[in-house]
Amino acid sequence: MSSLADQLAASIQGLVAAAIEKGELTGSAPESIVLERPKNRDHGDYATSIALQLAKAAGKNPREVATLLQGAIEQLPGVSKVDIAGPGFINITLDRANQAELVRAILSSGATYGYGQSLKGVAVNLEFISANPTGPLHLGHTRWAAVGDALGRVLKAAGAKVTQEFYINDRGRQMDLFGQSVQAAALGNPIPEDGYQGEYIKELAKIVVAENPGIATSEDFREAAYRVQLAEQQAVLETFHTKFDIWFSERSLHDSGAVDHGMEKLREQGHVFEQDGAVWLRTTDFGDDKDRVLIKENGELTYFASDTAYYINKRERGSDICIYMLGADHHGYIHRLRAVAACAGDNPDYNIHVLIGQLVKIMEGGEEVKLSKRAGTIITLAELVEKVGVDAARYTLIRYPVDTPMVMDIDILRSNTNENPVYYVQYAHARIAAVLRNVAELGIPTGLDHFDPAQLNHDRENQLLGTLAEFPRVVAQAAELREPHRVARYLEELAGVYHGFYADCRVLPLGDEAIAPIHSARANLCAATMQVIANGLDLLGVSAPERM
RNA sequence: GCGCCUGUAGCUCAGUCGGAUAGAGCACCCGCCUUCUAAGCGGGUUGUCGCUGGUUCGAUUCCAGCCAGGCGCGCCA
């Protein structure tokens, strides 16, 4: 389903091509024409600068070019007026009744309004969080838990086939230290140097001992505590509405032979070499600043070897695009991972996409809460949710682009005020729900056969319709750029426009006023708005309450 | 030294195929509920878009260099 704006843009492109054909213009027609929504509402519903772009090649004044196109654009269906402004902008005003047909489209599409096909048929592997199963998920993981899950939903809405995946780092030295730490806690011994110090280690020790009487070796402690800790992470993410299709164990990568297989594949591609007794991957062929070791001199595999094998494994499982979401402290991995893709014979500009999330600071009571990754004072995902709730936590983390560092103020998130944007959006939804309850009670007919689009000609209604029309574009762009925050920002704008409409356009009959077509029309407009807010919040994994 | 990210209003931040007078919230001031949810709406005040050049009809946006801040650069995991 293409939007009205897309249809218009295509039509205008046809007109430009025709003008060139007829010799009225010289130069080549652009591949596509962009219709933008002018900031200033006096500039119509849509505007294009196409005349300014064409003027030079045509050897004409931009306003002349615009004038040339003006008449033909005016004849297009759904267009009521075309103005030329400034240096040569073409401002288009839509026919209002025609625009109001959008309400019908939204209500019949329902929960899928806004969904598109831009990534149809593309299989995306979305890996995020991927924590060690050696402790609770903390604030850094939480940003990805929210953004990653929202991005997955957005990509699906754009038609992609998405696999959300959590890579469990359950192999290596950190796991051994973890086992030794839990064992020490259970026996009342001091935690080893470099071990895990947090309070939760003691709790794990108690659980492990209770469930496994007679447990003795640090390996057994490691395995038992691993299971408990992983289950806890899974449970917390469940409450945070973050879902994974696959929990992928690093161990399984080795056990299944996938690492050997990956290594073999890289050898075939000719980028593996030996030096100083170790086996290397020549990542510097593809932009990395140094080559990377796959097998150490002592014969052990590096963590990097797992990474490469895992990438190859994802691709062989059918993923076209592998998206990695990493913390800022891992940004050194960008070139490395892209080089891995290139070494495997892939196109790093298409098959792999590394997103880097900057750090999250958390403020409470005017002071920064310090984070310490493996020691005591960790703010965990569970604690954050306990403080502010799932909706506020998710929404706040999602509404900023991930490449900017962000500050979460616990005090603001706790407050039910306008400073807290999630309430602003949810309130709009609840407000509409209340209006529609009243509509039903008064018996105002709302079926689409009672919907007369010509009733909607107030400026506020027009503005609301224009904003609703943008939603599919926003979703497509959020998917394309991997930026779910765009959906959140759009919802804030939509909520604002609705509140403005609500202030000026009464939906229910006033006093003993008779029920008229305008009431049905507005009720349907409200229902359409509610649908779009609900769809948008769903893409963020945030609830859309009927009452607040 | 190399690499990634950031620099927009007093504060927190939006703003990508380059567009018209650079936006929002908070804060500050003033209005609006005896009929739809005031967690709302309307109005007022606030800017060398880090700096310097380049590209062009036009640059906060693209390019180069510089300045400032954050983070990282192991045969660790």
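To find a chain, count down the sequence lines: A is the first, B the second, and so on, and within it residues start at 1.
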Is any NZ, NE, NH1 or NH2 atom of the basic residue among [X] and [Y] found under 4.0 Å from an Asp or Glu carboxylate oxygen of the other?
X: A:Arg37; Y: A:Glu493; value: no
X: A:Arg338; Y: A:Asp349; value: yes
X: A:Asp45; Y: A:Lys81; value: no

Candidates [options] - which lies nearest the side chain of [X]:
X: A:Tyr502; options: B:rG15, B:rC36, B:rG72; result: B:rC36
X: A:Val507; options: B:rG74, B:rA20, B:rC36; result: B:rC36
X: A:Asn91; options: B:rC41, B:rG72, B:rA20; result: B:rA20
X: A:Arg437; options: B:rC41, B:rC36, B:rU37; result: B:rU37
X: A:Tyr423; options: B:rU16, B:rU37, B:rA39; result: B:rA39
X: A:Leu52; options: B:rC57, B:rC41, B:rC13; result: B:rC57
X: A:His330; options: B:rG19, B:rA77, B:rC75; result: B:rA77
X: A:Ala503; options: B:rC4, B:rC75, B:rC41; result: B:rC41
X: A:Asp403; options: B:rU6, B:rU35, B:rC73; result: B:rU6
X: A:Ala85; options: B:rG42, B:rA20, B:rA14; result: B:rA20

Just call it for [X]: base, sugar-phosphate, or nothing, with non-hydrogen atoms closer than 4.0 Å on any strand.
X: A:Pro401; result: sugar-phosphate
X: A:Arg547; result: base
X: A:Ala328; result: sugar-phosphate
X: A:Pro87; result: nothing
X: A:Arg63; result: nothing
X: A:Glu480; result: nothing
X: A:Ala55; result: nothing
X: A:Asp276; result: base
X: A:Thr404; result: sugar-phosphate
X: A:Cys505; result: base
X: A:Gln53; result: base
X: A:Gly172; result: sugar-phosphate
X: A:Glu441; result: nothing

Problem set entry | N-glycosidic conformation, B:rC33 - syn within 90 degrees of 0, else anti | syn
Reckon [X] has a side-chain N or O less than 4.0 Å from the OP1 or OP2 of [N]?
X: A:Asn438; N: B:rU37; answer: yes
X: A:Arg486; N: B:rU16; answer: yes
X: A:Arg171; N: B:rC76; answer: no
X: A:Tyr424; N: B:rC41; answer: yes
X: A:Lys296; N: B:rC76; answer: yes

Problem set entry | Donor-acceptor pair (no angle test) under 3.5 Å: A:Asp194 side chain, B:rA77 base | no
Look through every strand shown and name the nucleotide pairing with [N] as Watson-Crick or G-U wobble, where both distances are under 3.5 Å.
N: B:rC62; result: B:rG54
N: B:rC49; result: none
N: B:rC17; result: none
N: B:rC2; result: B:rG72
N: B:rG7; result: B:rC67

Starting from [atom2] on [N], measure out to [atom1] on [X] and report it in whole angstrom.
X: A:Leu301; N: B:rC75; atom1: CG; atom2: P; answer: 15 Å
X: A:Tyr333; N: B:rG72; atom1: OH; atom2: P; answer: 12 Å
X: A:Glu300; N: B:rA77; atom1: CD; atom2: C1'; answer: 12 Å
X: A:Tyr427; N: B:rC41; atom1: OH; atom2: C1'; answer: 10 Å
X: A:Tyr395; N: B:rA39; atom1: OH; atom2: P; answer: 19 Å
X: A:Phe304; N: B:rG74; atom1: CZ; atom2: P; answer: 13 Å
X: A:Ile356; N: B:rG70; atom1: CD1; atom2: P; answer: 19 Å
X: A:Glu470; N: B:rG15; atom1: CD; atom2: P; answer: 15 Å

Problem set entry | A:Glu492-A:Tyr395 side chain donor-acceptor pair, cut-off 3.5 Å | yes
Exercise. Side chains of A:His519 and A:Gln455: donor-acceptor distance under 3.5 Å anywhere?
Worked result: no
For this session: Answer yes or no: does atom CD of A:Gln275 have more than 12 heavy-atom neighbours from other residues, nucleotides or ligands under 6.0 Å?
Result: yes
For this session: Please indicate whether A:Glu219 has more than 12 foreign heavy atoms, meaning atoms of other residues, nucleotides or ligands, lying under 6.0 Å from its CD.
Result: yes
For this session: Please state whether the rings of A:Tyr310 and A:Tyr167 are parallel, tilted or perpendicular, taking 30° and 60° as the class boundaries.
Result: parallel
Between [N] and [M], how many Å separate the two [atom1] atoms, rounded to a whole number?
N: B:rA77; M: B:rU16; atom1: P; value: 41 Å
N: B:rC28; M: B:rU46; atom1: C1'; value: 10 Å
N: B:rU21; M: B:rU60; atom1: C1'; value: 15 Å
N: B:rG47; M: B:rA39; atom1: P; value: 32 Å
N: B:rA14; M: B:rC51; atom1: C1'; value: 24 Å
N: B:rC57; M: B:rG72; atom1: C1'; value: 43 Å

Problem set entry | Nearest heavy atoms of A:Ala258 and A:Ala309, plus distance in Å | O-CB, 3.8 Å
Exercise. So which one's nearest nucleotide on RNA chain B is more toward 5', A:Tyr400 or A:Ile432?
Worked result: A:Tyr400
Exercise. Which sits closer to the 5' end of RNA chain B, A:Arg173 or A:Leu359, going by the nucleotide each is nearest to?
Worked result: A:Leu359
Exercise. If you measure from the ring centre of A:His43 to the centre of the six-membered ring in the base of B:rA20, is it under 5.5 Å, with the planes under 30° apart?
Worked result: yes
Exercise. Does the side-chain ring of A:Phe89 sit on the six-membered ring of the B:rA20 base, less than 5.5 Å centre to centre and under 30° in tilt?
Worked result: yes
Exercise. Quick one: does NZ or CZ of A:Arg267 land under 6.0 Å from the six-membered ring centre of A:Phe273, within 45 degrees of the ring axis?
Worked result: no
